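FYI, side chains are in, hydrogens and waters are out, and symmetry mates aren't considered; it's all heavy atoms of this structure. In this text the structure is predicted, and so the values were computed from the model without any measurement. Just so you know, ligand 1 is whichever comes first in the structure, and atom 1 is the first atom listed for that ligand.
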Amino acid sequence: MNNETKYSSIHYNSYLQVDKITSAQQLRSDEVGTHAHDEMLFIITHQVYELWFKQINFELRSIVKDFSARQVNEKNVGIAVARLERVIEIMKLLVQQIGVMETMTPLDFLDFRNYLFPASGFQSFQFREMEVMLGLKENRRTTYNNKPYHCVFASDKKDALEDLEKGNSLFDLVEDWLERTPFLEFGAFNFIFEYQKAVHSMLEKEKTAILDTDILSDESKQMRLIMLGDTNTYFSNIMDEKRHNALIAEGKLHLSYKATIAALFINLYRDEPILHIPFLLLSKLVEIDDHITTWRYRHAQMVMRMLGKKVGTGGSSGHEYLASTAAKHHIFADFHNVSTLLIPRSELPVLPDSFKRNLGFYFSALNT
Ligand code: HEM
């Protein structure tokens, strides 16, 4: 087979199926009512979102697949970081696109809104796939009308979402991966023991600084010492495995004790070459959570502007429901919590040289 037959010529239009895409905008106002100019923008904006959701889910699916291996290939961690970076850039666009939608005024929207009932963004299958793949669990969702979020789908889509829920999400897989971090104990060095010592010494220094200062009144000193006591309780709550598990049972935490310690270790020693990529991975997940939350807030604000106190076409309370999802539907919040546990570099337990060499890349280890 020569190259000419193998690669038959292709045209821009047929390759991208442009005709299919550009003929997929049927205005409901034309079909059942009076033509509403802004409906075209409404349809195209939603379609563009769905295309981006497709790309995001494509990236997430590939990362979930790579992280499902019993031992995650180091190379795949770097690839995951690059793909999550892509997802983040797309998510920035998703937030920006709300501005395009908002060029339609509430009055323009009323020209065709009635024709849309009972369709709603609540029925976006790909949006749900994205949430589930990232790790949003059914029991952590705000619901409306006391019905599960997937009740709006036909049975095949509902089954697909239930299957996806049964499998491992990115949250679950990263948690497993963190739990397998091999560095938490190395010879005589026990990270958690050394870390607790460092926290204790840091808090003692802060206590001495409060007591010794001439600037604060006795009353203010007392208040600061109480606050310092709270910090201490926070550190010890998180550091005690039993208490950590109790907080998980209460639904206040979600990331396992072991994975939290590993995430803390990676954050504290991220300057060590071997921990740099794992640190980037955790940062990207937090960033994704931030962007989805920003989108949820922006979308809720837009809905407030468009609808005021009106209920949604899907039957929810509209803005109120959406604002509660923005406040509640965080997926990687426990990775944010790790920031509370960070201590200054100056207080970090010094890693033994032999350990440091193990954390360096082969080349740098040879040259130190
Ligand atoms: C005029 C513009 C829009 C209005 C007034 C609006 C309104 C609403 C309302 C009221 C809901 C809550 C469910 C319901 O009762 O219907 C909702 C949910 C949703 N909308 Fe929109 N929306 C708009 C644009 C968009 C766009 C451009 C997208 C992009 C895909 C979108 C995606 C979603 C999604 C994914 C949900 C489900 C959110 C969740 O349950 O967490 N919406 N929308």
note = Among Gly121, Ser316, Pro118, the residue with a heavy atom nearest to atom 13 (C) of ligand 1 is Ser316
query = Is ligand 1 under 4.0 Å from a heavy atom in the side chain of Trp295, in the backbone, in both, or in neither?
reply = side chain
message = Ignoring hydrogens and geometry beyond distance, is a side-chain donor-acceptor pair present between Glu31 and Gln26 at under 3.5 Å?
response = no
inquiry  = If we only consider heavy atoms of Gln97, is any one of them less than 4.0 Å away from an atom in ligand 1?
reply    = no
query = Looking at ligand 1, does any of its N/O atoms fall within less than 3.5 Å of an N/O of Ser120?
reply = yes
Nearest-neighbour protein heavy atom for atom 26 (C) of ligand 1, which is reported as residue plus atom name and distance = His46 NE2, 3.2 Å
remark   = protein heavy-atom neighbour closest to atom 7 (C) of ligand 1 works out as Val303 CG2, 3.4 Å
query = Which atoms of ligand 1 have any heavy atom of Gly314 under 4.0 Å away?
reply = 14 (C), 15 (O), 16 (O)
Which of the ligand 1 atoms, numbered from 1, are nearer than 4.0 Å to a heavy atom of Met104 = 1 (C)
key: Check: Phe109 ring centre within less than 6.0 Å of Phe112 ring centre   = yes
inquiry  = Between His150 and Glu138, is there a side-chain donor-acceptor contact under 3.5 Å, judged purely by atom types and distance?
reply    = yes
message = Evaluate Phe171 against Lys137 for side chain to side chain contact (heavy atoms under 4.5 Å, CB included), listing each step before the verdict.
response = CA-CA 10 Å; Phe171 178 94; Lys137 305 281 181 215; 5.8 Å; no
Single-linkage hydrophobic cluster, 4.5 Å side-chain cutoff, Tyr321 and Val311 together = no
task = Using distance alone, with no hydrogens and no angle criterion, decide if Thr105 and Asp108 have a side-chain donor and acceptor under 3.5 Å apart.
result = yes
query = Does Glu131 pair with Arg296 as a salt bridge, N-O distance under 4.0 Å?
reply = yes
key: Salt-bridge contact Glu89-Arg86 (side-chain N to carboxylate O under 4.0 Å)   = no
remark   = Under 4.0 Å between heavy atoms, the region of Phe122 that gets near ligand 1 turns out to be both
task = State whether the shortest distance between N or O atoms of Leu307 and N or O atoms of ligand 1 falls below 3.5 angstrom.
result = no
query = Does a side chain donor of either Asn337 or Thr340 reach within less than 3.5 Å of an acceptor in the other side chain?
reply = no
request  = Starting from the C-alpha separation in whole Å, work towards a yes-or-no answer on side chain to side chain contact (heavy atoms under 4.5 Å, CB included) for Asp38 and Asp111.
outcome  = CA-CA 8 Å; Asp38 283 24; Asp111 285 345; over 6 Å; no
remark   = Ranking Arg141, Gln126, Arg128, Arg305 by closest non-hydrogen atom to atom 39 (C) of ligand 1, top hit is Arg128
key: Selection from Thr325, Leu322, Thr45, Val48 by shortest heavy-atom distance to atom 38 (C) of ligand 1   = Leu322
note = In this structure, atom 41 (O) of ligand 1 is nearest to the protein heavy atom Arg296 NH1, 3.3 Å
query = Numbering the atoms of ligand 1 from 1, which are under 4.0 Å from a heavy atom of Phe42?
reply = 1 (C), 2 (C)
ask   = Charged N to carboxylate O below 4.0 Å: is that the case for Arg224 and Glu206?
value = no
request  = Have a look at Phe109, Tyr149, Tyr321 and point out the one with the heavy atom closest to atom 5 (C) of ligand 1.
outcome  = Phe109
query = What protein heavy atom sits nearest atom 10 (C) of ligand 1, and how far off is it?
reply = Gly312 CA, 3.5 Å
remark   = Ranking His299, Glu320, His319, Met302 by closest non-hydrogen atom to atom 21 (Fe) of ligand 1, top hit is His299
Within-cut-off N or O pair, His329 and ligand 1, under 3.5 Å = no
